[in-house]
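Only one structure is covered here, and it is reproduced in the block below.
Atoms within a ligand are numbered from 1 in the order they appear, just like the ligands themselves. Residue indices begin at 1 and follow the sequence shown. Atoms considered below: every heavy atom in the structure, side chains included; atoms not considered: hydrogens, waters and symmetry mates.
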Amino acid sequence: MSNKFLIKSAVIPVAGIGTRFLPITRSVPKVLLPLINRPIIEYAVREIVSCGISDIIFVMGRNMNIVKEYFDEKSDLLKYLKDSNNFEKIKEQEEISKLANIDVVYQDKALGLGHAILQSKSKIKSEYFLVVLPDDLIFNDINAVKQILEVHNKLGGTCVGLKEVQEEEISNKGIVEGKLIKKNIYSLSNMVEKPEIVNAPSNLSIIGRYILNKKIFELLEKQSPSALGEIQITDSIKNSMKFENVYGKLIEGEHFDVGNPKGMLEASIYLTNQNK
Ligand code: G1P
């Protein structure tokens, strides 16, 4: 079973303004932008529920209820499809509204990823929980959440997804330092958010998959802002290393940053070729 430690909840931060997608994000939240015909948020939700975790918390802005509504039951649509005997479409539409138990918390100020995750504190019931950043879309037979869950199930502790990145990407990412302990698994001793290249401890970047200990909330509550003047989850995970083993798993698969138009286009082409 992939979820031995009974991680019950997953958090998806969706409050991002989507600056790189302006002007469409003036009206449409970034996570509803489609990869072909499906919004990127649905990929994140499906990845999570395929691992047996069905309680999902969206951290979002007050004007983003449309994101949650995407997963609601659409009775008028179902009636229309039933009346026109479109049974194949009915099945899929019903499935989307039954995928997960979706709950919502609001982030009223854009104070960073750490601050976004902190808003979900009251909703987390299990000792460990999952965080998925929908901008990091990864295609692989064993999906990225399953890959970090497997590490957590074997070793316990906190686990983040990792990717080797080019030099020019280093100053936009969380970069880690650690020791390879098994194939593709690192025991981490340091991490820095958006370092200058000269200060970067490696070329291993965090990608948006995290298994975190609930104790991270106590650290986030005290966390001072750092990179970009924001409260960074990277800083709190680093501080948790005093009491917590932190592992990194090099994620296998095709990774796309769908938080920018080029990545979205590349992911769409990849998916189209896969479905040929
Ligand atoms: C966030 C994290 C960063 C991580 C990245 C992965 O950065 O803060 O550590 O490497 O996601 O996508 P953001 O993309 O929000 O600037």
Suppose we screen for ring pair (Phe, Tyr, Trp, His ring centres under 6.0 Å). Which residues come up paired with F71, at least two apart in sequence or across chains?
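Applying ring pair (Phe, Tyr, Trp, His ring centres under 6.0 Å) to F71 gives F58.
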Does Y70 have any side chain to side chain donor-acceptor pair (under 3.5 Å) partners at least two apart in sequence or in another chain, and if so, which?
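Residues passing side chain to side chain donor-acceptor pair (under 3.5 Å) with Y70: E42.
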Under the side-chain hydrogen bond (donor to acceptor under 3.5 Å, both in side chains) definition, can you give me all pairs with a residue in residues 210-222, not counting sequence neighbours?
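The answer is K121-E221, Y128-N213, N213-E244.
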Using the ring of each side chain (for Trp, its six-membered ring), is Y43 parallel, tilted or perpendicular to F139, with breaks at 30° and 60°?
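Y43 and F139: perpendicular rings.
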Tell me, yes or no, whether the heavy-atom count around Y106 atom OH, taken from other residues, nucleotides or ligands under 6.0 Å, exceeds 12.
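Yes, OH of Y106 has more than 12 neighbouring heavy atoms, counting only those of other groups under 6.0 Å.
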Please give the N or O to N or O pairs under 3.5 Å between ligand 1 and the protein, distances rounded to 0.1 Å.
unit_1	atom_1	unit_2	atom_2	d
ligand 1	7 (O)	K194	NZ	3.4
ligand 1	8 (O)	E193	OE1	3.3
ligand 1	8 (O)	E193	OE2	2.8
ligand 1	9 (O)	G174	N	3.1
ligand 1	9 (O)	E193	OE1	2.6
ligand 1	9 (O)	E193	OE2	3.4
ligand 1	9 (O)	T234	OG1	3.4
ligand 1	10 (O)	G174	N	2.9
ligand 1	10 (O)	I206	O	2.7
ligand 1	12 (O)	D136	OD2	2.7
ligand 1	16 (O)	K194	NZ	2.6

Start with the C-alpha distance between R38 and E92, add both sets of side-chain angles, then the distance that settles salt bridge (Lys or Arg N to Asp or Glu O under 4.0 Å), and finish with yes or no.
CA-CA 12 Å; R38 207 175 286 281; E92 189 191 29; 2.6 Å; yes
